[in-house]
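Letters go in sequence order (proteins before strands), and every chain restarts at 1. Note that the coordinates shown come from a computational prediction; the quantities given were computed from them, not determined experimentally.
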Amino acid sequence: MKLQKEFFNRSTVEVAQDLLGKSLVFGNFKGLITETEAYRGFDDEASHAYRGPTTRAAIMFGEPGYSYVYLIYGIHHCLNIVTETSGCPGAVLIRGLQLPTLILDGPGKICQHLGITRQHSGINTINHPHFYLENGVDSFSYKATSRIGIKKATDKLWRFIITT
DNA sequence: CGCAAGATTATT
DNA sequence: ATAATCTTGCGA
C-alpha cells in the first residue's frame with residue numbers, strides 16, 4: 001500500500017513519527033525506515049527553509065510527498081520527504097534505513113548505497129513507479145531525541161528512532 | 001564577485 | 001575531537 005498525499009499533508013513532526021516503520025522503495029531497493037528527523041520552516045532555526053523560499057529550500061515550500069535531496073559539506077547527499085501543504089515549509093530527513101541485507105545508519109550512507117543524488121530531488125514520490133513509500137510494520141516502539149549535527153534549535157526533540 | 005558556514009562521515 | 005570538501009546564502 002503506497003503512502004498517499006494525505007499522509008504527508010500533515011504536521012511535519014507527526015509525519016516524521018509515522019514514517020518510522022514505513023518502507024522506502026527506490027529502484028530495486030526496499031527497506032524499513034528506522035530513523036527520521038523533522039525540519040520545519042519559520043520557527044525552526046536549523047531548517048533550510050527558515051530564511052524563506054531560497055533556491056535550495058524552495059521544494060520544502062511546495063507540494064507534500066515530493067523528495068528533497070541536498071548536498072552537505074560538499075560530500076554527502078541527504079534524502080528528505082516534503083511535508084505540509086503547499087506554501088507551508090516542512091520536510092522529514094531519512095536518517096536510518098533497514099535493508100534485508102544490511103543496515104544503513106546515516107543519511108549520507110543511504111544516498112550513497114541507493115545511488116541517490118540531487119538529480120532525484122523534486123520528484124513526486126506519490127506518482128513515481130520506482131521511488132515511493134509504503135506501509136511497513138504496524139507496531140513498534142521508538143524514542144525521541146535532539147537532532148544531530150546542528151548547532152541551532154537543539155532543544156527540539158524532533159529526531160525519532162525505532163528501538164525495536 | 002568573494003567569503004563564511006553547514007540537517008555528515010571517516011579517521012586519529 | 002577533527003579534517004575533508006563544495007554548495008548555498010549573504011554582503012559588497
Closest-nucleotide 5' rank along DNA chain C - winner of A/G74 and A/R51: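 That would be A/G74.
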
Distance, rounded to the nearest Å, where [X] contributes [atom1] and [N] contributes [atom2]:
X	N	atom1	atom2	result
A/I72	B/dA5	CD1	P	14 Å
A/D44	B/dG6	CG	C1'	14 Å
A/L97	B/dT8	CG	P	16 Å
A/K151	B/dA4	NZ	P	15 Å
A/H48	B/dT8	NE2	P	9 Å
A/H77	C/dT5	NE2	P	15 Å
A/L104	B/dT9	CG	P	11 Å
A/H76	B/dT8	NE2	P	10 Å

Aro-ring/base stack A/Y39-B/dA7, d under 5.5 Å, angle under 30°: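 Ring-base stacking flag set for A/Y39 and B/dA7.
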
Any base atoms under 4.0 Å from [X], or only sugar-phosphate, or nothing? Heavy atoms, all strands.
X	result
A/I75	base
A/R118	sugar-phosphate
A/R56	sugar-phosphate

Nucleotide nearest A/Y73 (side chain, heavy atoms from C-beta), chosen from B/dG6, B/dA7, B/dT9: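 The nucleotide sitting nearest to the side chain is B/dG6.
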
Nucleotide nearest A/N80 when distance is taken to its side chain, options B/dT8, B/dA7, C/dG9: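 Output: B/dA7.
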
Nearest-nucleotide 5' precedence on DNA chain B, A/Q112 against A/L71: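 Mapping each residue to its closest nucleotide by heavy atoms, the 5'-most match is A/L71.
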
A side-chain contact here means heavy atoms from C-beta on lying under 4.5 Å apart; do [X] and [Y] qualify?
X	Y	value
A/E63	A/N124	no
A/F8	A/L133	yes
A/L157	A/S146	yes

Ring geometry between A/Y142 and A/F140 (parallel below 30°, tilted from 30 to 60°, perpendicular above 60°):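 Tilted: the ring planes of A/F140 and A/Y142 meet at 30° to 60°.
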
Side-chain N,O (A/T54) to OP1/OP2 (C/dT8) below 4.0 Å: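 Answer no for this pair, as no side-chain N or O of A/T54 is under 4.0 Å from OP1 or OP2.
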
For B/dG2, the Watson-Crick or wobble partner whose two distances fall under 3.5 Å: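 C/dC10 - that is the nucleotide pairing with B/dG2, both distances being under 3.5 Å.
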
From CA spacing to verdict: salt bridge (Lys or Arg N to Asp or Glu O under 4.0 Å), A/K156, A/D43: CA-CA 11 Å; A/K156 293 180 170 57; A/D43 56 338; 5.6 Å; no

